[in-house]
Structure formats: C-alpha cells, structure tokens
Amino acid sequence: MGKSSKDKRDVYYRLAKEEGWRARSAYKLLQIDEDFDIFRGVEKVVDLCAAPGSWSQVLSKKLNKTDFPDAKIVAVDLQEMAPIEGVIQIQGDITKQTTVEQILGHFDGEKANMVISDGAPDVTGLHDLDEYIQAQLLLAALHITTHVLENGGTFIAKIFRGKNVKVLYSQVKCFFKVVHIAKPRSSRNSSIESFIVCQDYRPPADYVPNMANPLLNVPLGVDPNKLTGSNLWTIPFVACGDLSGFDSDMTYPLEVSFENTNTHYFLHV
Ligand code: SAM
C-alpha cells in the first residue's frame with residue numbers, strides 16, 4: 001500500500017529515508033532505548049511482527065557479528081521481508097502454535113534476553129475491534145515471551161491505550177517486576193499507540209509456560225474498570241526520546257537545520 005501524503009510530510013518518515021531505515025518505526029525503538037537502555041547485556045532477541053524490518057535493522061546494527069559473534073536475532077511476520085544481515089526470518093502468524101514452535105526451534109533450549117513486538121492489525125476504523133485485535137497480538141507476544149525469555153529479560157510491545165487497557169497491564173504486571181508505558185517522541189500524539197516496556201522477567205513461582213496459550217483467554221465477565229488491589233496496577237508513563245527534538249505531529253520544511261544537542265539534521269529530498 002502506498003504512503004499517504006501525511007506520511008511523506010512527516011519528519012521521521014523523511015529522516016528514515018535519509019538514514020536508510022526501512023520504516024520510521026526505527027526511531028521509536030531507538031528513543032525507547034535512550035530512556036530505558038534496553039540493549040545492555042543483550043545478545044539474543046526475538047522481533048515479533050517485524051516487517052518491513054526497521055526494528056530488525058536496529059537489532060542487526062546494535063548486535064553486529066563483529067562485536068557480538070554469538071548474537072541471535074529471530075524475526076517473525078505474516079509478510080515476507082527482504083533479508084537483513086544476521087537476522088533469521090520466519091514468515092508466520094504469532095497467534096499460531098506452529099509459529100511459536102518454529103521460534104523455539106531456532107532457540108533450541110536457549111533463552112532470549114529480549115522479546116520485542118511492534119504488532120499492529122490492519123486498522124479497520126472500528127475502535128473496539130482494532131483494540132481487541134491489538135490486545136490479542138500483545139497477549140500472543142506475551143505467550144511467546146513466557147516460553148523463550150530468560151529470567152530478568154525484557155519485553156517491549158506496542159499497545160493501544162484504549163478503554164480495556166487496564167486488564168492488559170494487570171496481565172503483564174504478573175510476569176515482570178518493572179513495567180512502564182513509553183510514548184516515544186516519534187509516535188504521533190494523535191495516535192493511541194504507546195509501548196509497554198517490561199523489565200526483569202519474573203514469572204509467578206508456579207507458572208508453567210503452556211502451549212495451550214491460556215493468556216489468550218481474557219476472563220469473561222470482567223469489567224477492567226472495576227479491578228481493585230493487585231489486579232489493578234498503576235503503570236508509570238514515560239515520554240521518551242529528546243523532548244526538544246522533532247515533534248511527529250508537526251510539519252517541517254523540506255530543508256531544515258535542527259539542533260539536537262550536538263547533532264544537526266539536514267533533510268533533503
Ligand atoms: N516493527 C516493524 C518495523 O520496524 O519495520 C513495523 C511493524 S508494522 C507496524 C506491524 C506488522 O505487524 C505488520 O508487518 C504486520 O504484518 C504484522 N502483523 C500483524 N498481525 C500479525 C500476526 N498475527 N502475526 C505476525 N505478524 C503480524
């Protein structure tokens with residue numbers, strides 16, 4: 001599908017073209033890293049919903065084979081993706097058991113240090129439906145995470161901050177000691193998209209990862225707005241990326257000189 005003229009005017013879209021990223025999403029991961037230092041000690045990563053591959057490009061660069069000969073990056077998407085150095089690709093649906101098994105096959109008993117998921121459905125415009133599908137992608141990603149992530153590991157996933165988001169927070173908070181919601185500067189303010197950044201994986205003592213995928217069964221009859229006590233966690237919200245940098249909702253001239261601490265960006269078309 002072609003890019004809308006709004007996308008083409010967007011400063012991060014143009015910057016991505018200039019710097020060789022396949023999508024403007026690369027900046028979201030880089031800006032999350034600025035605040036959460038997510039790559040420290042990381043060598044093995046699963047990138048879910050990875051196409052067209054800008055997050056995988058970031059991983060490939062950060063975990064390059066020269067500095068990290070044992071690095072392993074496994075990327076999954078419904079769609080085919082052009083090859084990226086050092087990235088193993090799986091074309092599959094993350095909500096399907098067969099895909100989970102393929103991912104585990106590549107790890108062969110080893111654990112990942114981080115799982116990231118930028119999954120988004122084709123938005124229908126029906127908010128409840130879009131939010132529901134997004135939540136299912138998040139839970140599918142969490143399900144995969146419980147099988148492959150090492151204790152202490154990190155999980156980052158896109159979420160839509162809709163009206164049922166509290167039940168998702170509660171589910172994720174059962175598995176991680178530290179959970180934040182991040183809104184990178186490059187994510188449009190007008191979008192309900194945010195990223196849940198979950199650090200220090202600590203599954204409940206009696207939790208056994210289960211291929212039957214119990215996480216996908218959102219409790220029936222639960223009104224998330226009436227949750228109390230430990231079922232309702234308050235997640236700190238962090239706006240990340242240089243807050244004096246480009247505003248993703250603004251329109252900029254095609255050639256700008258922009259001072260960002262020591263960095264000057266010049267945009268050309
Ligand atoms: N992180 C990517 C990047 O940096 O290039 C962008 C991801 S894009 C926003 C969302 C992706 O989610 C799409 O490529 C779509 O095919 C994928 N997706 C949606 N549902 C999926 C599913 N059930 N299984 C696997 N991938 C899925």
Side-chain angles (χ1 to χ4, degrees), residues 1-4 6-7 10 12-17 19-33 38-39 45-63 73-104 106 114-124 129-145 147-148 154-161 182-188 190-197 213 215-216 241 248:
M1 199 168 63
K3 293 284 170 201
S4 71
K6 186 176 175 204
D7 282 332
D10 176 275
Y12 287 103
Y13 174 83
R14 284 161 28 208
L15 208 49
K17 289 256 174 237
E19 295 183 344
W21 302 112
R22 291 182 185 179
R24 66 194 291 292
S25 319
Y27 298 105
K28 300 176 190 171
L29 190 62
L30 291 167
Q31 290 171 353
I32 289 171
D33 181 45
I38 56 175
F39 291 105
V45 185
V46 181
D47 181 9
L48 299 172
C49 302
S54 76
W55 282 21
S56 287
Q57 286 180 293
V58 172
L59 294 172
S60 164
K61 208 165 176 179
K62 294 268 184 196
L63 308 179
I73 304 164
V74 177
V76 186
D77 201 284
L78 287 171
Q79 299 177 46
E80 212 177 329
M81 200 164 90
I84 298 173
E85 197 186 332
V87 178
I88 300 166
Q89 292 187 30
I90 298 171
Q91 193 175 355
D93 181 342
I94 67 161
T95 66
K96 293 273 189 302
Q97 278 317 127
T98 47
T99 311
V100 182
E101 282 156 21
Q102 274 181 279
I103 298 168
L104 296 179
H106 283 290
M114 181 159 74
V115 179
I116 57 181
S117 175
D118 192 20
D122 280 338
V123 175
T124 64
L129 182 61
D130 292 338
E131 198 186 316
Y132 175 78
I133 299 172
Q134 181 66 29
Q136 294 305 298
L137 285 180
L138 173 70
L139 292 174
L142 180 59
H143 170 64
I144 291 169
T145 299
H147 282 86
V148 77
T154 299
F155 171 59
I156 298 171
K158 193 205 300 276
I159 55 160
F160 286 170
R161 276 175 297 131
K183 180 76 174 172
R185 185 77 170 151
S186 49
S187 173
R188 295 186 177 94
S190 49
S191 161
I192 58 169
E193 163 193 276
S194 285
F195 293 85
I196 193 155
V197 180
N213 204 352
L215 285 169
L216 289 180
S248 53

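Model, not experiment: these values are computed from the prediction. Both counts, for ligands and for their atoms, begin at 1 and track the order of listing.
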### Task
Please report which non-hydrogen protein atom sits nearest to atom 23 (N) of ligand 1, along with the residue it belongs to and the distance in Å to one decimal place.
D93 OD1, 2.8 Å

#### Entry: salt_bridge(R188, D10) N-O dist < 4.0 Å
yes

## Note on the structure
dist K158:NZ -> L48:CG (nearest 0.5 Å) comes out at 13.0 Å

## Note on the structure
dist D77:CG -> D93:CG (nearest 0.5 Å) comes out at 9.5 Å

### Query
How does A26 reach ligand 1, if at all, at less than 4.0 Å between non-hydrogen atoms: by side chain, backbone, both, or neither?
neither

### Task
Would you mind running through ligand 1 and noting each atom that sits below 4.0 Å from a heavy atom of G53?
3 (C), 5 (O)

### Query
Where does L137 meet ligand 1, judged by heavy-atom distances below 4.0 Å: at the side chain, the backbone, both, or neither?
side chain

### Query
Between E101 (side chain) and K96 (backbone), is there a donor-acceptor pair under 3.5 Å?
no

### Summary
Heavy-atom proximity to atom 16 (O) of ligand 1 ranks first, among L78, L59, D77, V76, for D77

#### Entry: G92 heavy atom under 4.0 Å from ligand 1
yes

### Query
Heavy atoms, side chains only, cut-off 4.5 Å: are F195 and I116 in contact?
no

### Query
What is the nearest protein non-hydrogen atom to atom 24 (N) of ligand 1, stated with its residue, atom name and distance?
I94 N, 2.9 Å

### Message
Can you name the atoms of ligand 1, numbered from 1 with element, that are less than 4.0 Å from a heavy atom of Q79?
### Response
14 (O), 15 (C), 16 (O)

### Query
Among protein heavy atoms, which sits nearest to atom 19 (C) of ligand 1, and what does the distance come to when rounded to 0.1 Å?
A120 O, 3.3 Å

### Task
Identify, for atom 18 (N) of ligand 1, the protein heavy atom at the shortest distance, and state residue, atom and that distance.
C49 SG, 3.8 Å

### Query
Where the closest heavy atom to atom 8 (S) of ligand 1 is concerned, which of A141, P52, S25, A51 has it?
A51

### Min heavy-atom dist A50 to ligand 1 below 4.0 Å
yes

#### Entry: Which residue and heavy atom of the protein sit nearest atom 4 (O) of ligand 1, plus the separation
S54 OG, 2.5 Å

### Task
Apply the test side-chain contact (heavy atoms from CB on, under 4.5 Å) to residues F155 and V46: give CA-CA distance (whole Å), side-chain angles for both, the deciding distance (0.1 Å), then the verdict.
CA-CA 10 Å; F155 171 59; V46 181; over 6 Å; no

Below 3.5 Å, can you tabulate the donor-acceptor pairs from side chains in residues 49-58 to any protein atom, sequence neighbours excluded?
| unit_1 | atom_1 | unit_2 | atom_2 | d |
| --- | --- | --- | --- | --- |
| S54 | OG | A26 | N | 3.0 |
| W55 | NE1 | S25 | O | 2.9 |
| S56 | OG | D47 | OD2 | 2.6 |
| Q57 | OE1 | R22 | N | 2.7 |
| Q57 | NE2 | G20 | O | 3.1 |

### Query
Taking everything shown except E85 itself, do over 12 heavy atoms lie less than 6.0 Å from its CD?
no

### Message
Please confirm whether R22 approaches ligand 1 to less than 4.0 Å, judged on its heavy atoms.
### Response
no

### Task
Look at the side chain of Q89 and the backbone N and O of A82, then say whether any donor-acceptor pair between them is shorter than 3.5 Å.
yes

### Whether E193 side chain and S187 backbone form a donor-acceptor pair below 3.5 Å
no

### Message
Between ligand 1 and K158, is the shortest N or O to N or O distance under 3.5 Å?
### Response
no

## Note on the structure
re atom 10 (C) of ligand 1, the protein heavy-atom contact at minimum distance is D118 O, 3.6 Å

